[in-house]
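Scroll down for the structure; my scribbles are underneath it.
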Amino acid sequence: MRCVAYLAGLATCFFLSLPGQAQAQSKDYSTLTSPQSAQNWYVTLGAGVRYQPDYTGSDDYVFRARPIISLGKGLKSTWWSAEDDAMLSIGVFSGQGWRIGFSGDLLWKRSAKVNPLLVAVPATKFGAEAGAFAEFYPTSWLRGRVDLRRGIVAHDGVVADLKLDAFTNMGPWTLGVGPRMRIASADYVRTYFGTYGAQPGTGGLLQRFNTGVHTVGALAQITYHWSDQLKTTAYVEYKHLVGDATRSAIVRPFGSRDSLTIGLSASYSFDTGSSYSLGL
């Protein structure tokens with residue numbers, strides 16, 4: 001928790017010390033984050049690879065691919081995009097310094113056939129999460145975002161991701177850093193951390209689970225813009241598992257509450273030729 005607070009404070013102090021940079025972005029911020037009817041919709045497609053824990057709470061690391069699909073208005077828009085944003089993000093409504101839209105993620109199957117350490121917990125299915133996101137920009141260098149999604153097939157729970165990012169441009173480079181928090185429902189925790197046993201205090205199926213903070217952490221990333229359309233990003237993310245999930249046998253003693261994810265991605269944006277507006 002101290003690590004998260006330190007990173008958040010460091011990011012805030014760093015960007016507050018760059019008034020010239022914030023002022024330089026102000027003009028673009030006021031125009032490009034306020035889509036006009038003449039602006040076309042742009043699609044961003046890409047892919048990346050991550051070196052991450054096999055599952056939340058694991059201390060075994062694997063490489064895993066990740067698709068990137070997003071839709072929004074304005075190719076040179078100053079909308080900030082973080083590498084831990086939902087795999088599918090579609091900005092439906094937007095205005096000066098804010099936008100809301102659809103948020104979707106894929107969830108991979110998890111079973112003891114893949115990792116023997118999961119023998120104590122029921123297998124989970126391949127599925128998805130679908131919901132909405134809302135993000136706002138109080139300044140030209142700061143983004144706040146909230147995602148709220150419900151599980152489909154994989155689980156019956158609800159998750160909420162809260163993010164705050166401070167970012168700045170330096171020529172073709174863009175730097176960003178910010179804290180993270182996930183709140184999960186009891187059904188979500190039961191699905192991924194409930195064990196076959198029912199012994200009190202071990203996270204068994206009959207154990208009481210509560211909705212609450214599930215993970216806290218931080219993300220830092222650096223992006224190089226090869227052109228207005230093409231960019232590559234490298235990033236590192238830290239997560240600390242908290243709450244009822246930490247009592248599960250797959251976390252303690254066989255796993256870890258702390259994890260790092262290191263990733264690299266590339267994406268390309270192109271004009272759809274449409275400027276259709278939904279009225280906001």
Ignoring hydrogens and angles, tell me if any N or O in the side chain of [X] forms a donor-acceptor pair with the backbone of [Y] under 3.5 Å.
| X | Y | result |
| --- | --- | --- |
| T246 | G243 | yes |
| E129 | S103 | no |
| K231 | S265 | no |
| D147 | A160 | no |
| R257 | L241 | yes |
| S269 | T44 | no |

What's the separation between atom [atom1] in [X] and atom [atom2] in [Y], rounded to the nearest 0.5 Å?
| X | Y | atom1 | atom2 | answer |
| --- | --- | --- | --- | --- |
| R66 | M87 | CZ | CE | 6.0 Å |
| D165 | E135 | CG | CD | 9.5 Å |
| I100 | R145 | CD1 | CZ | 12.0 Å |
| K125 | I152 | NZ | CD1 | 13.5 Å |
| T168 | L175 | OG1 | CG | 7.0 Å |
| D84 | D105 | CG | CG | 10.0 Å |

*Could you list the residues that satisfy ring-ring contact (aromatic ring centres under 6.0 Å, His included) with Y51, not counting sequence neighbours?*
Y61, F63
*Going through the distances and angles, do M181 and T215 end up as a side chain to side chain contact (heavy atoms under 4.5 Å, CB included)?*
CA-CA 6 Å; M181 177 184 291; T215 61; over 6 Å; no
Grab the two heavy atoms, one from [X] and one from [Y], that are nearest each other, plus how far apart they are.
| X | Y | answer |
| --- | --- | --- |
| Y192 | L107 | OH-CD1, 3.5 Å |
| H214 | A184 | CB-CB, 3.8 Å |
| T261 | P53 | OG1-CD, 3.8 Å |
| V62 | D54 | CG2-CA, 3.9 Å |
| D258 | S256 | O-OG, 3.0 Å |
| I90 | F133 | O-CE2, 3.7 Å |

*Derivation of the side chain to side chain donor-acceptor pair (under 3.5 Å) call for Q52 and S259*: CA-CA 8 Å; Q52 64 181 60; S259 66; over 6 Å; no
Please determine whether residues [X] and [Y] belong to a single hydrophobic cluster, defined as Ile, Leu, Val, Met, Phe, Trp and Tyr linked transitively by side-chain heavy-atom distances below 4.5 Å.
| X | Y | result |
| --- | --- | --- |
| L88 | F126 | no |
| I262 | L264 | no |
| F270 | I69 | yes |
| I68 | L230 | no |

*Applying side chain to side chain contact (heavy atoms under 4.5 Å, CB included), run through D161 and K163 and close with a yes or a no.*
CA-CA 7 Å; D161 291 324; K163 306 171 185 178; 4.2 Å; yes
*Could you give me the CA-CA distance, side-chain angles and deciding distance for H155 and T124, then say whether side chain to side chain donor-acceptor pair (under 3.5 Å) is met?*
CA-CA 8 Å; H155 66 84; T124 61; over 6 Å; no
*Sequence-distant partners of D187, side chain to side chain donor-acceptor pair (under 3.5 Å), two or more places apart*: R190
*Taking the six-membered ring for Trp, is the centroid-to-centroid distance between W173 and Y224 below 6.0 Å?*
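Distance test on ring centres: under 6.0 Å, yes.
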_Looking only at the aromatic ring of each residue, does the gap between the centers of Y137 and W98 stay below 6.0 angstrom?_
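No: the rings miss the under 6.0 Å criterion.
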*With Y188, which of T211, I183, V159 fulfils side chain to side chain contact (heavy atoms under 4.5 Å, CB included)?*
V159
*Run the numbers on F167 and W80 for ring-ring contact (aromatic ring centres under 6.0 Å, His included), then give the verdict.*
CA-CA 8 Å; F167 55 92; W80 172 252; 4.7 Å; yes
*Check whether any side-chain heavy atom of L260 sits under 4.5 Å from a side-chain heavy atom of V236, and report yes or no.*
yes
